[in-house]
Amino acid sequence: MQQELPSSLICVAPGCTNPRWQDHNGDYNQFCNKRCRNANLHLQNATVAGAVATSESAEAGETVASGYSAFTNDPAAAFVAENVQLDPHSNACIICKTAPYNTAHRSLFCGVACAQRSMEMAPGIIKIPQSHPIFTDISNQFQTTWRYTNVPFKPAKHIYFILISAASEAAYVAYRTKVEQEGNFLKRGRTEGNQSRRFYGATRQCMLGDPGNTELCSSQTCDLCKIIRTSFDLQFQRGQTSSGPSGYGLYTSATSSKSDSYTTNKTPSPLKAMLMTKVVVGRGYKMTQDDTTRM
């Protein structure tokens, strides 16, 4: 007799009983296949989202996305600081804050209605409870990828879900599908579009993410709020005094400590803000030295 799958390994699409798709790293997708995923975009988790242009200045083993770069506004923003009191655990849906979230599917929402409501509330951020598996997943990756030995590790204290519109999510999924069709990464045992999780260090002008501060500011010098509101845009990199080690581009890293070094506060705060994003890497290129002709 076939062993019954635990509910946590079953596709989250309503009515589907197929096992969730597993990539070559052993990580499980929410859905069993692309058909279920594309029919249920509103159910996609907030684990992370976003994109990358290239790596920084070539740490050994880092991968550079030179073939493709695509950006979306669906990351969870991880705020790190020392000596910050932790919030009480909660198992309530992050939207209605009354019904419990779907624990079987690790969703932040209690159901489809609240998932759709989150897209109508965009742009903005909502705190993820420390008891949620997504909080644990993100904070663990932040810790395990902290490689600097000369800078003390600072654990993630607060993690937020970034609200995006249905149109933004659909645009990202469409681009990822296009990259997959051109690169056939799934057939090579990789994720669709060679999607990866990466960190991005940004300048924060306001206090977004500090306890009690969840409203986006309107400052044109607050990169954090601008990215959350309108997503990444390469045109804002033009005219910069420094084009970066690989030319003009949007830089993210698989190393949390690397991105932390690019994170700055314009207003004094014990917290630092960092974005964790999904990245459609496409065809990667490994670099061992600076090369501004790549972008």
Participant: My understanding is that only residues two or more places apart in sequence, or in another chain, count here; which of them pass side chain to side chain contact (heavy atoms under 4.5 Å, CB included) with Thr221?
Facilitator: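 Checked Thr221 against side chain to side chain contact (heavy atoms under 4.5 Å, CB included); matches are Gln205, Ser219.
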
Participant: Linking I/L/V/M/F/W/Y whenever any side-chain heavy atoms sit under 4.5 Å apart, do Ile126 and Phe135 land together?
Facilitator: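 Ile126 clusters together with Phe135.
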
Participant: Any donor and acceptor pair, going by atom type alone, linking the side chain of Tyr200 with main-chain N or O of Tyr251 inside 3.5 Å?
Facilitator: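 Flag not set: sc Tyr200 to bb Tyr251 has no pair under 3.5 Å.
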
Participant: Sub-3.5 Å donor-acceptor pair from the side chain of Ser257 to the main-chain atoms of Trp146, do we have one?
Facilitator: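 No; judged by distance alone, with no hydrogens or angles, the pair does not exist.
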
Participant: Under the 3.5 angstrom rule, does the side chain of Asp137 hit a backbone N or O of Pro133 as a donor-acceptor pair?
Facilitator: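 The answer is no, because no donor-acceptor pair under 3.5 Å joins these two groups.
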
Participant: Run the side-chain hydrogen bond (donor to acceptor under 3.5 Å, both in side chains) test against Thr264 and tell me which residues pass, sequence neighbours left out.
Facilitator: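 Residues passing side-chain hydrogen bond (donor to acceptor under 3.5 Å, both in side chains) with Thr264: Thr203.
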
Participant: Under 4.0 Å between a side-chain nitrogen and a carboxylate oxygen: does that hold for Lys266 and Asp223?
Facilitator: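 Asp223 and Lys266: not salt-bridged.
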
Participant: Please find the pair of heavy atoms, one from Gln130 and one from Lys157, that lie closest to each other, and give the distance.
Facilitator: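 So the minimum-distance heavy-atom pair works out to NE2-O, 3.5 Å.
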
Participant: Could you check whether any side-chain N or O of Ser107 sits under 3.5 Å from a backbone N or O of Phe109, counting only pairs where one atom can act as donor and the other as acceptor?
Facilitator: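 Looks like yes, one N/O pair under 3.5 Å.
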
Participant: Please verify the inter-ring angle class for Phe153 with Phe142; under 30° counts as parallel, over 60° as perpendicular, anything in between as tilted.
Facilitator: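 If you compare the ring of Phe153 with that of Phe142, the planes turn out tilted.
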
Participant: Could you walk me through whether Arg176 and Glu180 pass salt bridge (Lys or Arg N to Asp or Glu O under 4.0 Å), step by step?
Facilitator: CA-CA 6 Å; Arg176 184 177 60 191; Glu180 174 58 32; over 6 Å; no

Participant: Report the C-alpha separation of Val280 and Tyr175 in whole Å, then their side-chain angles, then the decisive distance to 0.1 Å, and conclude whether the side chain to side chain contact (heavy atoms under 4.5 Å, CB included) test is met.
Facilitator: CA-CA 8 Å; Val280 177; Tyr175 186 87; 4.1 Å; yes

Participant: Write down the atom of Tyr160, the atom of Thr214, and the distance for their closest heavy-atom approach.
Facilitator: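 That would be CE2-CG2, 4.0 Å.
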
Participant: By side-chain hydrogen bond (donor to acceptor under 3.5 Å, both in side chains), which residues pair with Thr267, not counting sequence neighbours?
Facilitator: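 Thr267 satisfies side-chain hydrogen bond (donor to acceptor under 3.5 Å, both in side chains) with no other residue.
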
Participant: Name all residues meeting the side chain to side chain contact (heavy atoms under 4.5 Å, CB included) criterion together with Ala99; count only those two or more places apart in sequence or in a different chain, and write none if there are none.
Facilitator: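 Here the qualifying residues are Cys96, Cys110.
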
Participant: Does His158 reach the side chain of Pro211, with side-chain heavy atoms less than 4.5 Å apart?
Facilitator: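 Yes; the side chains approach each other to less than 4.5 Å.
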
Participant: Got a second to check how far Leu208's CG is from Asn213's CG, nearest 0.5 Å?
Facilitator: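 Those atoms lie 7.5 Å apart.
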
Participant: Check for a donor-acceptor pair, side chain of Thr177 on one end and backbone N or O of Val173 on the other, with a separation under 3.5 Å.
Facilitator: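 Pair found, side chain donor or acceptor close to backbone of Val173.
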
Participant: Can you sort out the partners of Thr263 under side-chain hydrogen bond (donor to acceptor under 3.5 Å, both in side chains), two or more places apart, ordered by chain and number?
Facilitator: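 side-chain hydrogen bond (donor to acceptor under 3.5 Å, both in side chains) check on Thr263 returns nothing, list empty.
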
Participant: Pair Ile228, Ile125 - check side chain to side chain contact (heavy atoms under 4.5 Å, CB included), show working.
Facilitator: CA-CA 8 Å; Ile228 292 173; Ile125 65 172; 4.0 Å; yes

Participant: Would Leu224 and Leu216 show up in the same hydrophobic cluster when neighbours are defined by side-chain heavy atoms closer than 4.5 Å?
Facilitator: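 Yes, one cluster joins them.
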
Participant: Between Asn194 and Gly282, is there a donor-acceptor pair closer than 3.5 Å when you use the side chain of the first and the backbone of the second?
Facilitator: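 Side chain of Asn194 to backbone of Gly282, a donor-acceptor pair under 3.5 Å: yes, one is there.
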
Participant: Can you see which heavy atom on Ile94 is nearest to which on Pro129, and at what distance?
Facilitator: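 Minimum heavy-atom contact is CG2-CD, 4.1 Å.
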
Participant: Which atom names give the shortest non-hydrogen contact between Ile95 and Ser118, and what distance separates them?
Facilitator: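 Shortest heavy-atom contact: CD1-CB, 3.7 Å.
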
Participant: Decide yes or no for Met276 and Arg198: does some side-chain heavy atom of the first lie under 4.5 Å from some side-chain heavy atom of the second?
Facilitator: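 The answer is no; the side chains never approach within 4.5 Å.
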
Participant: Quick test of your reading: applying salt bridge (Lys or Arg N to Asp or Glu O under 4.0 Å), list the pairs with at least one residue in residues 109-125, sequence neighbours left out, ordered by first then second residue.
Facilitator: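 Sorted pair list: Arg117-Glu120.
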
Participant: Answer yes or no: is there a side-chain heavy-atom contact under 4.5 Å between Pro123 and Ile162?
Facilitator: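 Not in contact.
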
Participant: Verify whether one side chain among Ser259 and Ser253 offers a donor that lies under 3.5 Å from an acceptor in the other.
Facilitator: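 There is no such pair (donor and acceptor under 3.5 Å, judged by atom type) between the side chains of Ser259 and Ser253.
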
Participant: Going through the checks in order, is the side chain to side chain contact (heavy atoms under 4.5 Å, CB included) test met by Arg204 and Leu271?
Facilitator: CA-CA 10 Å; Arg204 182 174 61 149; Leu271 293 164; 3.8 Å; yes

Participant: Any side-chain heavy atom of Phe199 sitting closer than 4.5 Å to one from Tyr262?
Facilitator: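 Heavy-atom side-chain distance check fails, nothing below 4.5 Å.
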
Participant: Can any side-chain N or O of Thr255 pair as donor or acceptor with the backbone N or O of Lys258 at less than 3.5 Å?
Facilitator: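 Not a single qualifying donor-acceptor pair exists.
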
Participant: Salt bridge between Asp260 and Lys272, side-chain N to carboxylate O under 4.0 Å?
Facilitator: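 Judged by the 4.0 Å cut-off on N to carboxylate O distance, Asp260 and Lys272 do form a salt bridge.
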
Participant: Determine yes or no for a side-chain-to-main-chain donor-acceptor pair under 3.5 angstrom, with Lys187 supplying the side chain and Asn184 the backbone.
Facilitator: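 Pair absent, no side-chain N/O of Lys187 close to backbone of Asn184.
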
